[in-house]
Amino acid sequence: TDTGNISGFEALARWRNADGTWLAPAAFMPVLEKSGQMEHLTTIMLAQGLNALAQWDKAGFKVDSIGINFSESDLTNLRLC
């Protein structure tokens with residue numbers, strides 16, 4: 001940023017294999033989508049994102065926003081509205 005201040009963060013889902021290697025989102029997201037688990041991941045991402053904002057606020061850090069990506073099925077899920 002021009003000011004050097006933090007304006008926000010993006011929450012990203014990552015998958016770490018048992019052997020310590022990382023799996024790209026393009027590899028695991030379709031599996032979650034097909035198995036009906038995407039809502040569960042989205043719920044976790046929202047909860048952790050909001051918790052992080054609350055903790056930063058409590059610690060006196062000013063973070064205006066956090067970005068969370070939604071899948072197509074999330075955008076049509078009335079429980080997430």
Side-chain angles (χ1 to χ4, degrees):
T1 67
D2 294 336
T3 65
N5 294 327
I6 295 172
S7 60
F9 287 94
E10 182 178 13
L12 301 170
R14 296 294 182 256
W15 186 293
R16 187 172 184 187
N17 288 317
D19 65 3
T21 59
W22 292 93
L23 192 60
F28 68 84
M29 298 294 253
V31 175
L32 292 176
E33 194 75 52
K34 277 187 171 185
S35 66
Q37 295 298 308
M38 197 55 143
E39 181 180 344
H40 183 66
L41 175 62
T42 301
T43 301
I44 290 170
M45 297 295 292
L46 283 170
Q48 289 186 355
L50 293 172
N51 183 52
L53 281 174
Q55 294 300 314
W56 292 325
D57 188 50
K58 189 184 295 185
F61 297 111
K62 182 174 174 15
V63 178
D64 293 332
S65 66
I66 187 165
I68 299 173
N69 296 322
F70 290 95
S71 71
E72 186 177 335
S73 63
D74 289 333
L75 297 175
T76 60
N77 185 344
L78 296 178
R79 288 187 298 269
L80 296 173
C81 293

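The analysis underlying the following values was restricted to heavy atoms, covering all of them including side chains, and did not include hydrogens, waters or symmetry mates.
- Applying the side chain to side chain donor-acceptor pair (under 3.5 Å) rule to D64 yields the partners K62; only residues at least two apart in sequence or on another chain are considered.
- Around CD of E10, the count of heavy atoms belonging to other residues, nucleotides or ligands within 6.0 Å exceeds 12.
- Within the model, atoms CZ of R16 and CG of L23 stand 13.0 Å from one another, a figure rounded to the nearest 0.5 Å.
- With hydrophobic clusters built from ILVMFWY side chains whose heavy atoms lie under 4.5 angstrom apart, L41 does not share a cluster with V31.
- Between L46 and F70 there is a side-chain heavy-atom pair separated by less than 4.5 Å.
- Clustering ILVMFWY residues whenever any of their side-chain heavy atoms sit less than 4.5 angstrom apart, transitively, puts I66 in a cluster other than the one holding I44.
- Side-chain contact between M29 and S71 is absent, with no heavy-atom pair separated by less than 4.5 Å.
- Between the side chain of D19 and the backbone N or O of T21 there is at least one donor-acceptor pair closer than 3.5 Å.
- Counting all heavy atoms, side chain and backbone alike, P25 lies closest to A13 at CG-O, 3.8 Å.
- Rounding to the nearest 0.5 Å places CG of D74 at 3.0 Å from OG1 of T42.
- The line from CD of Q48 to CD of Q55 is 12.0 Å long, rounded to the nearest 0.5 Å.
- Here the shortest heavy-atom pairing between E33 and S73 reads OE2-OG, 2.5 Å.
- The hydrophobic cluster containing L12 does not contain F9, counting ILVMFWY residues as joined when their side-chain heavy atoms lie under 4.5 angstrom apart, directly or transitively.
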